[in-house]
Amino acid sequence: MRPTRWVGAALLGLVLAGCTGPGNTPSDGSGRTTVSAPGAPSAPRTPVVVSGPWRAWTASLSAQEETCGATAHQIVCGTRSGGLVGRSRADGEVTWAVPATGGAKKNGRLVVDAADERAVTGAGGVLRAANLRTGTAAWTQRLPDGTVPAALGAADGTVYALEAPATTYPAQALGAFRASDGKKLWHRTVDADPYTAIAAFGGRVYTTDGKKVTARDARTGAASATSPRGTECPNLISGGHYLVCTGSPYTTQDSFPPLQRLDPVTLSPLPTAEDTGEKPERGLISSDGVLVLYEASPEDSSAGAWNAYDLVHHRRLWSYANTTEEAGLAGGRFVTFTPGNVAAVRGRVITIDLHAGPQATGAAAPRMSAPYAQTRTGEHPVLVLPGADTGHVVVHALTHRSLRSIPLL
């Protein structure tokens with residue numbers, strides 16, 4: 001559930017880089033290997049200017065770095081204790097660090113917002129932001145006692161935090177903070193599913209409680225529209241100024257509400273392509289209205305298919321059988337890993353033309369990378385897309401904790 005507008009336009013001006021201590025990630029012969037400190041940074045680092053394009057490299061991660069995002073100029077990782085680490089696009093080495101204060105807590109909440117030059121992490125009941133231009137701490141905000149950030153989002157100079165009790169659900173409030181300095185702009189009581197992402201665009205922020213969607217004014221938090229009775233929305237997907245409701249990936253049922261596009265102003269249902277009837281697991285929406293949805297059997301989600309739907313012309317475009325929900329969008333193409341159950345091609349990154357699909361030929365034909373250690377199924381790889389025109393994708397290997405930057409074909 002990552003399709004909100006979390007990464008915007010490229011940063012201008014200062015670009016950051018640096019170096020680290022010894023590590024233990026070996027090179028496998030393609031791309032430069034760099035090494036990184038085995039422990040989480042314990043003190044701020046002085047940022048160093050870096051020039052040049054994205055390059056191919058491999059870098060080990062510290063034991064504390066858990067969730068990573070990217071801008072066109074750098075990788076940013078959140079630590080378990082709520083700190084932030086910047087890494088160079090040129091070689092993957094640590095460029096700056098904003099350590100957390102207090103004891104270590106499980107992280108997992110990170111938003112990287114290039115347009116507003118901020119990365120924000122949530123650990124425990126604390127939000128902490130770094131300035132992406134300078135690589136220094138920007139602000140810290142403590143959430144109300146007993147609550148944690150269940151979801152984070154950012155758009156148009158505002159960071160949003162969906163607050164939930166630390167031991168119970170659902171979420172109970174939505175807070176808005178100015179991205180530049182962390183000033184609290186508003187705080188509203190809400191009924192919202194903490195397992196679905198926050199959608200924010202066009203001066204509004206959207207949440208769902210599993211049944212209805214609520215749109216709020218981004219400046220005041222006042223509710224401006226709700227979806228009509230009878231429009232089920234267990235899971236809300238957004239992207240490219242489109243809103244789509246699907247069934248929940250967490251349900252144990254065998255049937256699901258149909259795919260439903262909503263008008264972002266009125267939240268009224270709009271004509272929508274018919275889905276497969278399988279269980280929706282994860283979806284991404286392109287700026288021109290192509291929804292790519294991973295759907296699997298409710299009895300066994302270990303294998304399914306990515307199905308592409310044209311939201312504008314209400315039709316299904318293509319299908320790609322796969323074994324992973326991990327994917328992204330870049331340069332008009334769908335990016336994912338090859339199926340883990342097909343020996344001839346597994347362990348690679350594949351890109352597919354969004355409109356032409358996996359059976360296309362010529363310039364629109366699918367393109368596959370070479371196999372890498374980090375892209376093996378057993379590494380539980382995650383894709384990190386820098387966006388813009390970097391021409392690279394970063395693979396975050398979770399098992400042996402490393403990053404690999406490879407050319408995006």
Side-chain angles (χ1 to χ4, degrees), residues 1-4 6-7 66-70 108-111 150-151 153 193-199 208 233-239 242 244-254 256-257 259 275-286 290-309 316-330 333-342 345-352 354 357-358 366 368-369 372 374-385 393-399 408:
M1 311 305 154
R2 290 157 264 191
T4 50
W6 288 1
V7 180
E66 288 197 328
T67 308
C68 297
R109 303 290 179 252
L110 173 72
V111 57
D193 185 340
Y195 296 106
T196 193
I198 299 170
T208 180
C233 197
N235 184 51
L236 183 63
I237 304 172
S238 72
Y242 295 88
V244 173
C245 290
T246 72
S248 170
Y250 305 104
T251 184
T252 57
Q253 296 177 333
D254 292 330
F256 320 97
L259 201 65
D275 61 21
T276 66
E278 294 283 69
K279 182 181 178 183
E281 298 286 344
R282 187 187 171 207
L284 306 165
I285 306 177
S286 70
V290 176
L291 164 67
V292 192
L293 184 66
Y294 187 71
E295 299 172 272
S297 165
E299 284 77 31
D300 180 13
S301 60
S302 63
W306 285 99
N307 294 300
Y309 298 91
R316 186 150 66 103
L317 298 173
W318 50 263
S319 184
Y320 179 66
N322 212 326
T323 56
T324 179
E325 301 171 33
E326 202 39 54
L329 304 174
R333 298 181 74 87
F334 173 69
V335 186
T336 189
F337 295 105
T338 49
N341 58 2
V342 182
V345 298
R346 65 186 172 202
R348 304 166 189 257
V349 173
I350 185 171
T351 71
I352 297 171
L354 268 176
M368 273 192 294
S369 75
Y372 298 105
Q374 291 76 15
T375 56
R376 295 171 184 161
T377 303
E379 288 295 329
H380 300 287
V382 174
L383 288 172
V384 180
L385 296 173
V393 59
V394 177
V395 179
H396 179 185
L398 299 182
T399 301
L408 182 62

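Quantities reported herein were computed from a predicted structural model and do not represent experimental measurements.
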Test side chain to side chain contact (heavy atoms under 4.5 Å, CB included) applied to V335 and V349, step by step: CA-CA 7 Å; V335 186; V349 173; 3.8 Å; yes

Candidate pair Y320 and I350, rule side chain to side chain contact (heavy atoms under 4.5 Å, CB included), full reasoning: CA-CA 11 Å; Y320 179 66; I350 185 171; 3.7 Å; yes

E326 side-chain N/O to L383 backbone N/O, donor-acceptor pair under 3.5 Å: yes

Main-chain N/O of A296 paired with S301 side-chain donor or acceptor, under 3.5 Å: no

Pairwise distance OG1(T336) to CZ(R348) - rounded to 0.5 angstrom: 14.5 Å

Working for side chain to side chain contact (heavy atoms under 4.5 Å, CB included), residues L293 and I237: CA-CA 10 Å; L293 184 66; I237 304 172; 4.0 Å; yes

L317 side chain near V290 side chain, heavy-atom distance below 4.5 Å: yes

D275/N307 under side chain to side chain contact (heavy atoms under 4.5 Å, CB included): CA gap, chis, key distance, verdict: CA-CA 9 Å; D275 61 21; N307 294 300; over 6 Å; no

Closest heavy-atom pair and its distance - E299, D254: OE2-OD1, 3.2 Å

Min side-chain heavy-atom separation E278-S297 under 4.5 Å: yes

Note, Y309 side chain near L259 side chain (heavy atom, < 4.5 Å): yes

Over all atoms of both residues, closest heavy-atom pair of L236 and C245: CD1-SG, 4.2 Å

Inter-residue atom distance H380.NE2 - H396.NE2, 0.5 Å rounding: 12.0 Å

Y250 side, atom OH; D193 side, atom CG - distance, nearest 0.5 Å: 8.0 Å

Residue pair E281 / P249: nearest heavy atoms and the distance that separates them: O-CB, 3.5 Å

Polar side-chain atom of R316 near backbone of T276 as donor-acceptor pair, under 3.5 Å: no

Distance-only donor-acceptor check, side chains N322 and T324, under 3.5 Å: no

OG1-CZ distance between T246 and R282, expressed to the nearest 0.5 angstrom: 12.5 Å

Stepwise side-chain hydrogen bond (donor to acceptor under 3.5 Å, both in side chains) check, N235 with S248: CA-CA 5 Å; N235 184 51; S248 170; over 6 Å; no

Closest heavy-atom pair and its distance - P280, G247: CG-O, 3.4 Å

Contacts of type ring-ring contact (aromatic ring centres under 6.0 Å, His included), residue Y294, not counting sequence neighbours: W306

Beyond-backbone contact of L329 with L385, side-chain heavy atoms, under 4.5 angstrom: no

Check: C233 main-chain N/O paired with T208 side-chain donor or acceptor under 3.5 Å: yes

Closest contact, heavy atoms only, T338 versus R346: OG1-CA, 3.3 Å

Nearest atoms (heavy-atom pairs only) where S286 meets L354: CB-CD1, 3.6 Å

